[in-house]
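Notes to accompany the following structure.
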Amino acid sequence: MIDLKQLRENPEAFQASLSKRGKFDLSPILELDRQQRELEIERSQLQARSNEIGKLVGQKMKSGAKPDDPEIQALRDEGNQVKSQLSELEPKEKEIKAELESILLTIPNLPNETTPVGKDEEENVEVKRWGEEYLPKDSEGILPHWEIGEKLGILNFERSARIAQSRFVTLIGAGAALERALIQFMLDRQIAAGYTEVLPPILINTQSLTASGQLPKFAEESFKCEKDDLWLTPTAEVPITSLHRDEILAAEELPKYYCAYTPCFRREAGSYGRDTRGLIRLHQFNKVELYMFVRPEESETAHQKLLTDAEAILQALKLPYRVIELCTGDLGFSATKTYDLEVWLPSSDKYREISSCSNCKDFQARRGNIRFKEAGKKGTQFVHTLNGSGLAVGRTMSAILENYQQPDGTVKIPEALQPYLGREIL
RNA sequence: GGAGAGGUGGCAGAGUGGUCGAAUGCGCUCGACUUGAAAUCGAGUGUCCGAUGAGGACCGUGGGUUCGAAUCCCACCCUCUCCGCCA
């Protein structure tokens with residue numbers, strides 16, 4: 001959530017910043033805010049009088065006055081009058097507050113000053129490439145990963161559609177083992193890099209999705225259990241954001257680095273016909289997520305670490321990738337600055353997103369009311385939160401299958417992964 | 001699913017209608033004592049709105065009763081214990 005107080009003081013700057021992302025009209029917010037504050041002043045004055053009356057009656061009763069004493073009767077009458085005035089004001093103020101809140105929740109984060117300005121993914125900026133020496137030399141006979149996988153009998157889509165729907169996969173034998181090995185490999189690396197492993201609930205409530213920014217705007221993207229106010233998590237970012245929701249952390253506890261393996265569930269509404277084959281776009285996939293709670297002054301440095309730690313997995317697996325920085329038009333709702341990692345998929349002759357590393361600054365912290373306090377200092381501050389995939393497991397598997405395929409139809413296992421899988425070749 | 005208990009400040013835990021935003025203990029901060037530390041003693045210590053003012057809000061959430069609600073009433077949510085079931 002954007003900072004209403006700052007918006008009030010500096011509306012032009014907010015408007016200018018947001019217009020880099022798209023069209024947003026902030027004037028209804030400012031108007032509602034003005035009305036709300038007016039009502040609040042009026043209301044709290046009435047409440048002050050009401051409190052005063054309450055105290056006066058109490059004092060007089062204590063010093064022996066009878067309840068039907070005219071003086072007390074008069075105060076009671078006034079009290080009733082004040083109450084009826086309040087009962088008119090309160091609902092009005094509540095309504096305005098609720099409306100204000102509901103609009104605020106739909107406003108995305110402000111882009112960072114350093115975020116490249118652009119209208120869509122076409123204008124993202126490539127930051128670097130890595131591992132070009134590992135690119136497959138010969139594109140002759142290169143198969144897409146789903147063909148490799150089905151030939152090896154390690155993944156099956158047809159049967160998965162029978163079990164569930166399209167956009168699901170069943171991993172079989174070495175395929176299941178490879179997935180499991182990748183998860184373990186990624187977690188081990190990230191734990192070594194300083195992250196604490198968590199295994200959160202993957203059914204999560206509406207408040208959690210609101211805190212991280214998936215709701216209210218993107219309800220269509222998540223699966224919901226209608227009976228229970230529970231949703232299937234679209235990414236571990238969501239439960240981990242709420243791990244410290246409504247908490248005031250001690251400053252010494254920061255930074256907090258978490259990594260989490262979870263399945264992720266996405267409805268992929270609006271992507272009909274895109275990536276219909278293979279492991280790239282599924283309703284259910286596995287991911288190892290990195291998440292940070294840091295002090296504001298640390299967040300830019302932390303962002304670099306996050307990126308480095310995600311990259312380290314691709315480097316260890318010797319998978320060629322590039323880093324791009326998202327432009328303002330392609331930035332996710334909660335992010336102020338995002339680097340995507342894109343891994344090379346030779347079958348489509350393209351780099352494909354395998355990780356997205358974002359700094360959300362205080363945006364999620366404000367929505368989730370996640371603060372920290374410095375001992376001896378007055379007041380609290382919002383933490384900064386960052387999240388990044390480290391990495392998407394299914395997409396990693398497809399990259400391995402494609403980049404490590406051999407002319408004889410087998411697939412080599414990256415060296416670093418061999419101890420985890422217990423074999424060198426599929 | 002059945003029965004019961006309970007949700008109060010960083011934690012524990014008092015508080016059943018009137019200076020209660022809330023006793024007490026622990027923790028924490030500062031100070032004294034000490035060569036230093038521990039122990040002890042003293043002072044302080046919630047959050048939010050608001051202009052670092054006045055004032056207001058907050059004792060699970062939302063309503064209600066009352067001049068006045070942490071305290072009474074209603075609904076909901078959550079947690080715990082026992083039984084059943086179950087991995």
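In what follows, chains carry the letters A, B, and so on, assigned in the order in which the sequence lines appear, proteins first and then strands, with residues in each chain numbered from 1.
- Between B/A3 and B/G17, the distance separating the two C1' atoms is 32 Å to the nearest Å.
- A salt bridge links A/Glu325 with A/Lys337; the closest basic N to acidic carboxylate O contact falls under 4.0 Å.
- Nearer the 5' end of RNA chain B, as judged by each residue's closest nucleotide, is the contact made by A/Lys55, out of A/Lys55 and A/Thr380.
- Nucleotides B/C74 and B/U81 place their P atoms 27 Å apart, quoted to the nearest Å.
- Residue A/Asn51 is in sugar-phosphate contact alone, with no base atom involved, counting any heavy-atom pair closer than 4.0 Å across all strands shown.
- Base pairing of B/C30: its partner is B/G42, meeting the Watson-Crick or G-U wobble criterion (both donor-acceptor distances under 3.5 Å).
- Base-pair partner of B/C82: B/G2 (Watson-Crick or G-U wobble, both distances under 3.5 Å).
- OP1 and OP2 of B/U66 both lie 4.0 Å or more from every side-chain N or O belonging to A/Ser50.
- For B/G50, one of the phosphate oxygens OP1 or OP2 lies less than 4.0 angstrom from a side-chain nitrogen or oxygen of A/Lys5.
- When Watson-Crick and G-U wobble pairs are counted only if both distances are under 3.5 Å, B/U47 pairs with B/A57.
- Distance noted for atom P between B/U40 and B/G25: 12 Å (whole Å).
- To the nearest whole angstrom, the two C1' atoms, one in B/G4 and one in B/G9, are 29 Å apart.
- Proximity note for A/Lys94 (side chain, C-beta onward) versus B/G63, B/U47, B/G56: the nearest is B/G63.
- Taking the six-membered ring for Trp and the full ring otherwise, A/Phe333 and A/Phe363 have centroids separated by under 6.0 Å.
- Using Watson-Crick or G-U wobble geometry with both donor-acceptor distances under 3.5 Å, B/A12 finds its partner in B/U24.
- Contact check, A/Lys373 against B/U47: a side-chain N or O comes under 4.0 Å of OP1 or OP2.
- Nearest-nucleotide positions on RNA chain B place A/Gln381 closer to the 5' end than the other of A/Gly79 and A/Gln381.
- Ion pair A/Glu95/A/Lys92 not flagged as a salt bridge, since none of the NZ, NE, NH1 or NH2 atoms sits closer than 4.0 Å to an Asp/Glu carboxylate oxygen.
- Rounded to an integer number of Å, the gap from A/Ile53 CD1 to B/G56 P is 13 Å.
- In this entry B/A87 has no Watson-Crick or G-U wobble partner, no candidate having both defining distances under 3.5 Å.
- Nucleic acid contact for A/Lys60: none, since no nucleic acid atom lies under 4.0 Å from a heavy atom of the residue.
- The interatomic distance linking A/Leu39 (CG) with B/G56 (C1') rounds to 14 Å, in whole Å.
- Taking the six-membered ring where tryptophan is involved, the planes of A/Tyr195 and A/Tyr257 are tilted, since the angle between them lies from 30° to 60°.
- For the pair A/Phe372 CZ and B/U47 C1', the interatomic distance rounds to 16 Å; values are reported in whole Å.
- Heavy atoms of A/Lys83 sit under 4.0 angstrom from at least one base atom.
- Rounded to a whole angstrom, the distance from the P atom of B/C59 to that of B/A22 is 14 Å.
- Screening A/Glu38, A/Glu93, A/Glu88 for a salt bridge (charged side-chain N to carboxylate O under 4.0 Å, His left out) with A/Arg43, the sole residue that qualifies is A/Glu93.
- Look at CD on A/Glu93: it is 12 Å from P on B/G50, rounded to the nearest Å.
- Across the P atoms, B/G44 and B/G6 are found 35 Å apart, a figure rounded to whole Å.
- Atom CD of A/Glu52 and atom P of B/G55 are 10 Å apart (whole Å).
- Side-chain nitrogen and oxygen atoms of A/Arg37 include at least one within less than 4.0 Å of the OP1 or OP2 phosphate oxygen of B/G50.
- Only the C1' atoms considered, B/A69 is 14 Å distant from B/U8, to the nearest whole Å.
- A/Lys97 comes within contact range of no nucleotide atom at all, as no heavy-atom separation falls under 4.0 Å.
- Among the protein residues, A/Arg366 comes within range of no part of the nucleic acid, since none of its heavy atoms lies under 4.0 Å from any strand.
- Whole-Å rounding puts the A/Leu46 CG to B/G55 P distance at 16 Å.
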Between A/Phe185 and A/Tyr420, is a ring-ring contact (aromatic ring centres under 6.0 Å, His included) present by the stated rule, with each step listed?
-> CA-CA 7 Å; A/Phe185 171 74; A/Tyr420 285 84; 5.5 Å; yes
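- For B/U19, there is no paired nucleotide, since no Watson-Crick or G-U wobble pair has both relevant distances below 3.5 Å.
- Summarising the base pairing, B/G7 is matched to B/C77 through a Watson-Crick or G-U wobble pair whose two defining distances lie under 3.5 Å.
- Ionic pairing of A/Lys94 and A/Glu90 is not present here: no N-O contact between side-chain nitrogen and carboxylate oxygen is shorter than 4.0 angstrom.
- Counting only heavy atoms from C-beta on, A/Arg76 has its side chain closest to B/C67 among B/C67, B/G56, B/U47.
- Closest to the side chain of A/Glu40, from the set B/C49, B/U47, B/G18, is B/C49.
- The separation between A/Glu38 atom CD and B/G55 atom C1' is 17 Å, rounded to whole Å.
- The shortest distance between the side-chain N/O atoms of A/Arg49 and the OP1/OP2 oxygens of B/C67 is not below 4.0 Å.
- Salt bridge annotation for A/Lys60-A/Asp69: absent, with no cationic side-chain nitrogen under 4.0 angstrom from a carboxylate oxygen.
- Put simply, CE on A/Met61 is 15 Å from P on B/U66, counting in whole angstrom units.
- Residue A/Gln45 is classed as having no contact, given no heavy-atom separation below 4.0 Å to the nucleic acid.
- Side-chain atoms of A/Arg8 lie closest to B/G50 of the nucleotides B/C67, B/G50, B/C48.
- Across the P atoms, B/A75 and B/A5 are found 16 Å apart, a figure rounded to whole Å.
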